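This report refers to the structure that appears directly beneath it.
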Amino acid sequence: MSSIREWELETACEAVARWGKKDFRLFVKIGREQFEDIRFIEQLREHLAALQLQPSQLTLKIDESTIASFRHKHADKLKELCEMGFRLA
């Protein structure tokens, strides 16, 4: 995952934690390279755990083209994100 993309995700998680609203949800754009990174889900879990956030507090915006071109390749990853409680847009 590129350092700028990881920084964006970390900053978004920190903002949600700082605002402290359990019913607040933040949309975070996930780039193709970030989504394809094999550590992507692991890094999401680390950020959430470190800040005591729930996946339902983030909505992951994944480009339509990323999903369309790799839906078979990444179907398990999409399913895992949904099962973790993330909302996808």
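The first residue of the sequence shown is numbered 1, and numbering continues consecutively from there. Everything numeric here is computed off the predicted structure, so don't read it as measured data.
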By side chain to side chain donor-acceptor pair (under 3.5 Å) - contacts of E42 (at least two apart): R39
To the nearest 0.5 Å, what is the distance between [atom1] on [X] and [atom2] on [Y]?
{"X": "L44", "Y": "L53", "atom1": "CG", "atom2": "CG", "result": "11.0 Å"}
{"X": "L88", "Y": "L58", "atom1": "CG", "atom2": "CG", "result": "11.0 Å"}
{"X": "F86", "Y": "L81", "atom1": "CZ", "atom2": "CG", "result": "6.5 Å"}
{"X": "I30", "Y": "E36", "atom1": "CD1", "atom2": "CD", "result": "13.0 Å"}

Using the rule that two of Ile, Leu, Val, Met, Phe, Trp, Tyr join whenever any of their side-chain heavy atoms come within less than 4.5 Å, decide whether V28 and M84 are in one cluster. yes
Using every non-hydrogen atom in the two residues, find where S56 and R87 come nearest and quote the distance to one decimal.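 Closest pair (atom of S56, atom of R87, distance): O-NE, 4.3 Å.
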Could you pull out the closest heavy-atom pair between K77 and I41, with the gap in Å?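 The pair with the smallest heavy-atom distance is CG-CD1, 3.5 Å.
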Which residues pass the salt bridge (charged side-chain N to carboxylate O under 4.0 Å, His left out) test with R45, sequence neighbours left out? E80
